[in-house]
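Just so it is clear, the model here is predicted, and its values are computed rather than measured.
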Amino acid sequence: MLTQLINARILTPQGWMKNGSVLIRDNKILEVTNCDLAVIGAELVDVKGMYVVPGGVEIHAHGGGGRDFMECTEDAFRTAVQTHMKYGTTSFFPTLSSSTVPMIEQAAETCEKLMAEKDSPILGLHLEGPYLNMKMAGGQIPENIKNPDPNEYIPLVEKYHCIKRWDAAPELPGAMQFGKYIAAKGILPSVAHTQAEFEDIRTGYEAGYTHATHFYNAMPGFHKRREYKYEGTVESIYLLDDMTVEVVADGIHVPPTILRLIYKIKGVERTCLITDALACAASDQQEAFDPRVIIEDGVCKLADHSALAGSIATMDRLIRTMVQKADIPLADAVRMASETPARIMGVFDRKGSLQKDKDADIMVMDEDLNVRAVWAMGKLVPGTCTL
C-alpha cells in the first residue's frame, strides 16, 4: 500500500520544504522529497499547500473523550487515546495520577496488552505520583500521596516493563534512592509537585531526575522567608542547563509571556509541550473524573479555586497557543510537540520527525493551524481528513 502526500509544505529536520511530497508505504515513511511527481501505483493525497508536520508525541495526559486512564480498562484507554489522535497526537504515554498499588497494577496490565498490539500508538505508562509533596498536591488525590517505598515500587518495576516514566518530589525521604533505582531500569524520573530548592534539584539531577513535570505548575518560584530571599524550584531548574521541561501550553496553566521565557531560556531541544488533559478534554462533558474538579475558563480547576487541576487541551491547541499567543515560530512549536518529547522518552529513533524509514506519523495543518488530516503508523485516523 503506497500513499503519497503531494503539494505540501513539509517540516523536515533541515527546515521547511516547499512543494514537496511524502511517500508512505504501509506504516513507514518511504521518502520525503521536494519532487512532486506522482509515483506510479500510489494513492495521491493533495494537501493543497498546507503544513505537513510530524504527529504529536504526548508524554503527559490523563484522559480524553470522557474517559480517564485511572479507570484502568481497555475501553477507557482506547477511547482516550483515539480521541486525542483526532487532534494530531500519534504517540501516547498514558498518565496515571497518584494511585493505589492495585490501580497501578491494573493500569499496567491494560497498558502492556495494548502496547503489544500491532502499530499501537501507546508507547508506555507514565506514573505521576504517588510520591509527591503533600503541600503541593494541587489536583492530585491527597489520600494516595506518600513517601517513596521500595517495598512498593521495586516489585512494580520488576513486574511491569511498560512503566517508562515516574514522577516524584526529590526532597522527600527516600526520593534519591527511588530516582537512582528507576533510572537504572531505564525509567525517566521527573520532578513533580515539589517544594525543592537548588540543592534538592542538583542532587536529584545527579540521581537521575533530568526532567521537570508541568514546569511552573505545582512548584514554587523565587520567594522570601522572613527578610531573606530564596530560589524556587523554577529557578533551580533553569540553572541546570541540561534539565528538560514540559509545559502545559494551553495559555492558561502558564501565561504566554512565561511560555516565551521558557522557550528563550530552555530552547526547543529542552522544552516539550503537553496537554495534561483530563477525561473531559475533547468531549461534551462538563464534569471531570475527580468530583472535586470543575471546568471553568477553558481549564480544569479545584472547585475551591485553590489550584488548577489539568487541562481540556488537545495537541493542536498547544501548537496554536505557542505560535499565535507566545509568538514562537511554527517549526519550533511543532518540534516541541514531536521531536523533543520523542527524544526525552527515548523513541526518537522511530518517532518525532518526518524522515525516511521512520514511522508514518503525520499531521496536516492549515494556515490557521487547525488539523485537517492525521496519519498514525501510515493509517488515516478516522474522521480527520477534511482536505
Side-chain angles (χ1 to χ4, degrees), residues 60-71 80 84 95-99 126 128-146 167-169 171-172 190-197 212-225 230 232-235 237 245-262 273-314 317-318 320-322 324-326:
H60 188 156
H62 298 273
R67 306 304 295 272
D68 193 290
F69 296 119
M70 286 180 89
E71 295 176 62
H84 281 281
T95 303
L96 221 58
S97 287
S98 294
S99 302
H126 164 212
E128 186 184 7
Y131 310 137
L132 308 174
N133 189 320
M134 183 66 86
K135 292 177 182 173
M136 303 299 286
Q140 298 281 324
I141 298 170
E143 301 87 76
N144 293 339
I145 292 176
K146 61 179 88 169
D167 304 358
E171 70 273 22
L172 296 179
S190 184
V191 173
H193 293 266
T194 176
Q195 288 188 323
E197 292 180 350
T213 301
H214 45 50
F215 193 40
Y216 274 89
N217 292 109
M219 61 180 66
F222 173 81
H223 55 280
K224 283 175 70 174
R225 287 197 291 271
Y230 296 85
T233 310
V234 169
E235 291 79 18
I237 289 166
V245 301
E246 64 185 29
V247 285
V248 187
D250 60 358
I252 301 169
H253 274 76
V254 182
T257 48
I258 300 297
L259 290 174
R260 187 154 182 80
L261 178 68
I262 296 166
L273 311 183
I274 59 161
T275 61
D276 196 7
L278 300 192
C280 42
S283 79
D284 297 329
Q285 277 192 344
Q286 292 307 307
E287 295 178 354
F289 182 71
D290 184 335
R292 302 172 303 146
V293 173
I294 61 169
I295 304 166
E296 188 179 81
D297 304 326
V299 74
C300 300
K301 309 175 180 180
L302 292 183
D304 65 1
H305 292 87
S306 63
L308 296 177
S311 89
I312 56 171
T314 48
R317 179 174 163 187
L318 307 182
R320 280 196 300 275
T321 299
M322 295 299 277
Q324 297 169 357
K325 295 184 178 178

Roughly how far, to the nearest 0.5 Å, is the [atom2] atom of [Y] from the [atom1] atom of [X]?
{"X": "Ile262", "Y": "Glu246", "atom1": "CD1", "atom2": "CD", "result": "11.0 Å"}
{"X": "Gln195", "Y": "Met134", "atom1": "CD", "atom2": "CE", "result": "12.5 Å"}
{"X": "Leu259", "Y": "Met322", "atom1": "CG", "atom2": "CE", "result": "5.0 Å"}
{"X": "His253", "Y": "Asn217", "atom1": "NE2", "atom2": "CG", "result": "5.5 Å"}
{"X": "Ser97", "Y": "Asp68", "atom1": "OG", "atom2": "CG", "result": "6.5 Å"}
{"X": "Glu296", "Y": "Lys301", "atom1": "CD", "atom2": "NZ", "result": "4.0 Å"}

Side-chain contact test, heavy atoms from C-beta onward, threshold under 4.5 Å: evaluate it for [X] versus [Y] and give yes or no.
{"X": "Val247", "Y": "Ile274", "answer": "no"}
{"X": "His62", "Y": "Thr95", "answer": "yes"}
{"X": "His223", "Y": "Glu197", "answer": "yes"}
{"X": "Val234", "Y": "Tyr216", "answer": "yes"}
{"X": "Ile294", "Y": "His305", "answer": "yes"}
{"X": "Lys224", "Y": "Tyr230", "answer": "no"}
{"X": "His126", "Y": "Asp167", "answer": "yes"}

Inset, instruction - Any chance you could lay out the side-chain contact (heavy atoms from CB on, under 4.5 Å) test for Thr194 and Met219, step after step, and finish with the verdict? - result: CA-CA 5 Å; Thr194 176; Met219 61 180 66; 4.0 Å; yes
Legend entry - is_close_aromatic(His214, His60), centroid dist under 6.0 Å: yes
Inset, instruction - Establish, from distance only, whether the side-chain atoms of Asp250 and Ser311 form a donor-acceptor pair under 3.5 Å. - result: no
Minimum heavy-atom distance between [X] and [Y], given as atom pair plus value:
{"X": "Thr321", "Y": "Gly251", "answer": "CG2-N, 3.6 Å"}
{"X": "Ala192", "Y": "Leu132", "answer": "O-CD2, 3.8 Å"}
{"X": "Ala313", "Y": "Ala281", "answer": "O-CB, 4.0 Å"}
{"X": "Gly310", "Y": "Val299", "answer": "O-CG2, 3.6 Å"}
{"X": "Gly138", "Y": "His193", "answer": "N-ND1, 4.4 Å"}
{"X": "Arg292", "Y": "Gln140", "answer": "NH2-O, 3.1 Å"}

Inset, instruction - Mark yes when over 12 heavy atoms from residues, nucleotides or ligands other than Asp284 sit less than 6.0 Å from its CG; otherwise mark no. - result: no
Legend entry - Asn144 side-chain N/O to Ser98 backbone N/O, donor-acceptor pair under 3.5 Å: yes
